[in-house]
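All remarks here apply to the structure that follows.
Because the structure is predicted, anything quoted here is derived from the model rather than measured. Numbers restart at 1 for each chain; the letters A, B, ... are given by sequence-line order, proteins then strands.
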Amino acid sequence: MVKTWSRLTCTFRKILLPELQLSRPYSKILPGVASNIRILNNKITNLIRNSKLDDARMLFDKSKQRNTVTWNSMLSGYVRRREIVKARQLFDEMPERDTVSWNTMISGYVGCRCLNEGRILFDEMPCRDLVSWNTIISGYAKNGKMNEALRLFTQAPNRNPVSWNAMVTGFLQNGDLRNAVEFFKKMPERDAASLSALVSGLILNGELDEAEKILLDTSYENDTIMDKVHAYNTLIAGYGRKGRIKDARNIFDRIPSHHDHGRAVKFKRNVVSWNTMIMCYVKARDILSARVLFEEMMERDTCSWNTMINGYIEMSEMEEASNLFKKMPNPDVYTWNSLISGFGETGKLEIARELFDKMPERNQVSWNSIISAHEKTKKYKTAIELFINMQIEGEKPDRHTLSSILSACSELADIQLGIQIHQKVIKIVTPDVPLNNSLITMYARCGAITQAMAIFEEMKSYKDVISWNAMIGGYASHGYATSALQLFGLMKEESVKPTYITFISVLNACANTGLVEEGRMHFKSMVDEFGIEPRVEHFATLVDILGRNGHFEEAMDVIRGMKIEPDKAVWGALLGACKVHNDVKLARVAAEALIKLEPESSTAYVLLHNMYADIEQWDDATEIRRLMEKHNIKKAAGYSLV
DNA sequence: GTAGGGTTAG
C-alpha cells in the first residue's frame, strides 16, 4: 500500500512539476498557474504588510512568474518604507507598467517630499486616473503649496470626496481656516473623513468652539455621514487636553448611547468615547467622576481598565489601583508595568518586586520600572544586580535604564561600573542632555573631576542648568572651591539662571575657602538678583561661613531673621563655629536649640560638656553630665566625655 | 498593488 502510494505521488510530481514552471503565456490559459500567481502576490503583500520587505524581495526574485500586480506590490513595499531610490530602480526595471505602478511611484515621491520628481512622472504618465490627480494634489497640499494644489484641483477632469478632503486638510495645515471651512461647506458630498479632517484640523488650530459648531450643525443635516462618532471623540479629547471638562462632557452626552431605542440612531457611543471621557476626568484629577463613568460602562476594554488604574496611580491611590487590578480580566504588560512603577514611586518596593516576579511577561519598561524603583529607594546594589539580569534575559537597556544605573554608580561611588556604563551609553544611544548630566554627576561624585569636565565641555552649547550644577557641585564637594566659583562666574556670563542647588554648592565653596565677603555677596545676590527664596541649607552654610570666621553677632542676626524654622544643620553650624572659637556662651544657646530639636541625640551635650571641661568650668560640665543622666542620654559611638 | 481623515492609555 505504501509503495503504491509513493509510486503514485512520483507520477503526479512528474506531471505536475513541469507545469509549475510554465512561462507567461501559459498562465493565461491554465487556471492552476494563474492561481499560483495570485498566491504569490498574496504572500508578497502579506510579507510587506508585516514589514518583512527583505523576505518579500527574496520571494519576488525567486518567482519565475510575475505579473504587474507582483511588481506593483513590491514597488509599494519600497514606497511604504520610504526607500525611494530602490523603488525607482524597480519602477525602471518593470517590463510593463499600469496606472497603479505610476500612481504608486508618484505617491512615493510625494511621501518623500520630492514634489518635483513626482510632478515630472505625473506629467509624463500616459493616462491619469482620479487617484493620480488626488495623489499629486494632496502632495502639494501637504507640503504647503496650496496655490499649486488649487490649480491642479481646478484642472482635474473630475473630483471625489478624497480630492476635496485633501484640499481641506491642506488649508488646515497651513492655518487657513477660512478656506478650509469654505471648501468643506462647498463639497458636493461629504463623508466621515471630511468631518474628521475638519474637526481635528480645527482643534489643532485651537478652534475648539468652531469645531463644535460645525460638528453640531452637521448633525442637523440629512447627510450621509454615519460614522460621526470619530469626530465627536476627537472633540472630547480636544476639550480634555484644554481642561474644558464640562464642554467635553456635553459633547459626550450628545452622542446617542446604546439605550436610545426610540429613534433611529445614526451613530452611537463606542468604547473609545467612554475611554476618552474617562481620560478627561483623570487628566483633571477628578478621579471620582472617572470612576462613576467607568462603572456605568456596559463593556470595557483593556484601555478602559488601564486608564482607570493609571488614574488612581497618578493620584497615588495605590490601594484602589490594586483593587481594580485584581478585578481586571486580562491585564496586559502595560498594566503590570504601571503598577510596578506606581508602587516603586510610592516607596512600596516589596509589592513592586512581588508584582515584577509574578508578571507573566516582561518587557524593557518592566525592567526599567523595577530597576528605577530600587534605585529610588536606595537599593543600589540590587538595582545593579537587576540590570545584569535584565541583559542575561535578553532585554536591552535603553537611556532610562542607563540613567538609573548611573545614579546608582554615583551613590555607590563605583567608578569601575560607571566607566562600563559610560561605554554602554556611547554604544547604545546618542547621549542626550539628561544622560550627559547623569554622566557628569557620576564622574564628579566618584571624584573623577577631569572626566566630568571632559563631558561637560563636550556638551558645548547643549548644557542646561543641571549640567552646570553638577559640575559646580563636583568641584565644590571635592575641595576645588576656586574652580567651583570660577565656573559659577562663567555660568552667569553665559546667562544661565542659577537655581537654589547652584547656590548650595557656591556657598559651600565659600565656606571651604573661608571667603566671608564672597559668601555674603552670593547669598545676597541669590535673593535680590535671582529671586530665590533661601532654604535651610543656604542659611546653615551662611551661618557656617560667618561663625567660623568669628562673625557671631552677624550669624545670630541671620538666624533670628530667618522666615523658616532653623533646623539642626543651622544650629549645628553655629555650635561648630563656637567650638572653633571657644565661645561657650553662644555654644550653650546653640546646643540648647539643638537639644530641643533632637532630644535623644548626645552630640550637642558632649560638645558643650567638653568645651566647659576645656576651660575648666567644672560646675557647668557636671551640670551637663547630670542632664544627660536625667534624660537617659547615652553617648553616641565615637564621642567621649573628657 | 495606488489617493483623503483616524479619536483613548501605557
Side-chain angles (χ1 to χ4, degrees), chain A residues 41-42 44-45 48-49 67-77 79-80 97-108 110-111 125 128-139 141-142 156 159-170 172-173 184 187 190-201 203 225 227-241 251-252 255 269-280 282-283 301-311 313-314 331-342 363 365-366 369:
Chain A
N41 289 345
N42 281 341
I44 290 181
T45 312
I48 287 171
R49 251 185 228 145
N67 58 16
T68 316
V69 175
T70 328
W71 283 89
N72 286 345
S73 304
M74 203 55 235
L75 185 64
S76 85
V79 163
R80 274 192 207 189
R97 304 180 190 105
D98 62 6
T99 318
V100 174
S101 330
W102 286 88
N103 290 345
T104 308
M105 196 61 231
I106 294 170
S107 119
V110 161
M125 73 185 286
R128 296 179 273 263
D129 65 0
L130 189 51
V131 175
S132 329
W133 283 93
N134 287 342
T135 308
I136 199 77
I137 289 171
S138 89
K142 266 188 204 152
R159 285 166 283 271
N160 66 0
V162 178
S163 338
W164 286 89
N165 294 345
M167 291 303 290
V168 170
T169 313
L172 287 164
Q173 278 173 358
F184 177 82
M187 288 173 71
R190 288 181 283 251
D191 59 12
S194 326
L195 193 57
S196 271
L198 187 64
V199 168
S200 69
I203 291 173
I225 308 176
D227 180 26
K228 276 186 299 214
V229 67
H230 236 313
Y232 272 73
N233 293 344
T234 309
L235 184 60
I236 296 173
Y239 277 135
R241 275 190 290 270
I251 295 300
F252 176 80
I255 312 174
R269 275 178 209 159
N270 60 18
V271 70
V272 179
S273 323
W274 288 85
N275 292 350
T276 310
M277 195 57 229
I278 290 176
M279 193 60 229
C280 292
V282 164
K283 269 192 192 138
D301 63 5
T302 321
C303 180
S304 330
W305 285 92
N306 284 346
T307 307
M308 202 58 232
I309 290 175
N310 280 320
I313 294 177
E314 289 274 306
D332 62 2
V333 67
Y334 292 105
T335 327
W336 288 89
N337 287 349
S338 24
L339 277 156
I340 290 170
S341 94
N363 62 15
V365 179
S366 329
S369 306

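- For A/Ile309 and B/dT8, the CD1 to C1' distance is 15 Å, given to the nearest whole Å.
- Closest to the side chain of A/Ser200, out of B/dT8, B/dG4, B/dG6, is B/dG6.
- Side-chain proximity of A/Ala193 to B/dG5, B/dA3, B/dA9: nearest is B/dG5.
- Inter-residue side-chain proximity for A/Asn270 and A/Ser273 is flagged as met; some heavy-atom pair is nearer than 4.5 Å.
- A/Ser138 has no side-chain polar atom (N or O) that falls below the 4.0 Å cut-off from OP1 or OP2 of B/dA3.
- For the residue pair A/Thr307/A/Asn310, the side-chain donor-acceptor check at 3.5 Å is not satisfied.
- Checking A/Ser73 against A/Asn41 by side-chain atom types alone, no donor-acceptor pair falls below 3.5 Å.
- One atom, CG of A/Leu195, and another, C1' of B/dG4, lie 14 Å apart when rounded to the nearest Å.
- Side-chain proximity of A/Pro161 to B/dG10, B/dG4, B/dT2: nearest is B/dG4.
- A/Ser338 comes within 4.0 angstrom of no nucleic acid atom, judged by non-hydrogen atoms across all strands.
- Rounded to a whole Å, the CD1 atom of A/Ile251 is 16 Å from the P atom of B/dT8.
- Phosphate proximity of B/dA3 to A/Lys142: absent, as no side-chain N or O sits under 4.0 Å from OP1 or OP2.
- Remark: C1' of B/dG10 and CG of A/Asp301 are 13 Å apart, rounded to the nearest angstrom.
- Residue A/Ala237 places its side chain closer to B/dT8 than to any other of B/dT8, B/dA9, B/dA3.
- Shown are A/Asn233, A/Thr302, A/Asp301, A/Asn306; of these, the side chain to side chain donor-acceptor pair (under 3.5 Å) with A/Asn275 is made only by A/Asp301.
- In this structure, the nucleotide among B/dA3, B/dT7, B/dG4 sitting nearest to the side chain of A/Asn233 is B/dT7.
- Between the side chain of A/Asp191 and the base of B/dG5 there is no donor-acceptor pair of N/O atoms closer than 3.5 Å.
- Side-chain atoms of A/Val131 lie closest to B/dT2 of the nucleotides B/dA9, B/dG6, B/dT2.
- The CH2-P distance, from A/Trp274 to B/dT7, rounds to 21 Å in whole Å.
- Within the nucleic acid shown, A/Arg80 comes within 4.0 Å of sugar-phosphate atoms alone, with no base atom in reach, counting heavy atoms only.
- At a threshold of 4.0 angstrom between heavy atoms, the contacts of A/Asn41 with the nucleic acid are absent.
- Between A/Lys228 atom NZ and B/dT7 atom C1' the separation is 16 Å, expressed in whole Å.
- The shortest distance between side-chain heavy atoms of A/Thr234 and A/Ile203 falls below 4.5 Å.
- Counting only distance, with no hydrogens or angles, the side chain of A/Arg190 and the backbone of A/Phe184 share a donor-acceptor pair below 3.5 Å.
- Of all nucleotides listed (B/dT2, B/dT8, B/dA3), B/dT8 comes nearest to the side chain of A/Val272.
- For a distance-only test at 3.5 Å, the side chain of A/Asn160 qualifies as a donor-acceptor partner of the base of B/dA3.
- If you check every strand for non-hydrogen atoms under 4.0 Å, A/Asp332 touches a base.
- Rounded to whole Å, the distance from CD1 on A/Ile48 to C1' on B/dT2 is 13 Å.
- Within the nucleic acid shown, A/Arg241 comes within 4.0 Å of sugar-phosphate atoms alone, with no base atom in reach, counting heavy atoms only.
- The nucleotide whose nearest atom lies closest to any side-chain atom of A/Val162 is, among B/dT7, B/dG4, B/dA9, B/dG4.
- Checked by atom type, the side-chain pair A/Asp98/A/Thr68 shows no donor-acceptor distance below 3.5 Å.
- Contacts of A/Asn337 with the nucleic acid, taken as non-hydrogen atoms under 4.0 Å apart, are absent.
- Residue A/Arg159 is out of contact with every strand shown, counting any heavy-atom pair closer than 4.0 Å.
- Rounded to a whole Å, the CG atom of A/Leu198 is 16 Å from the P atom of B/dT7.
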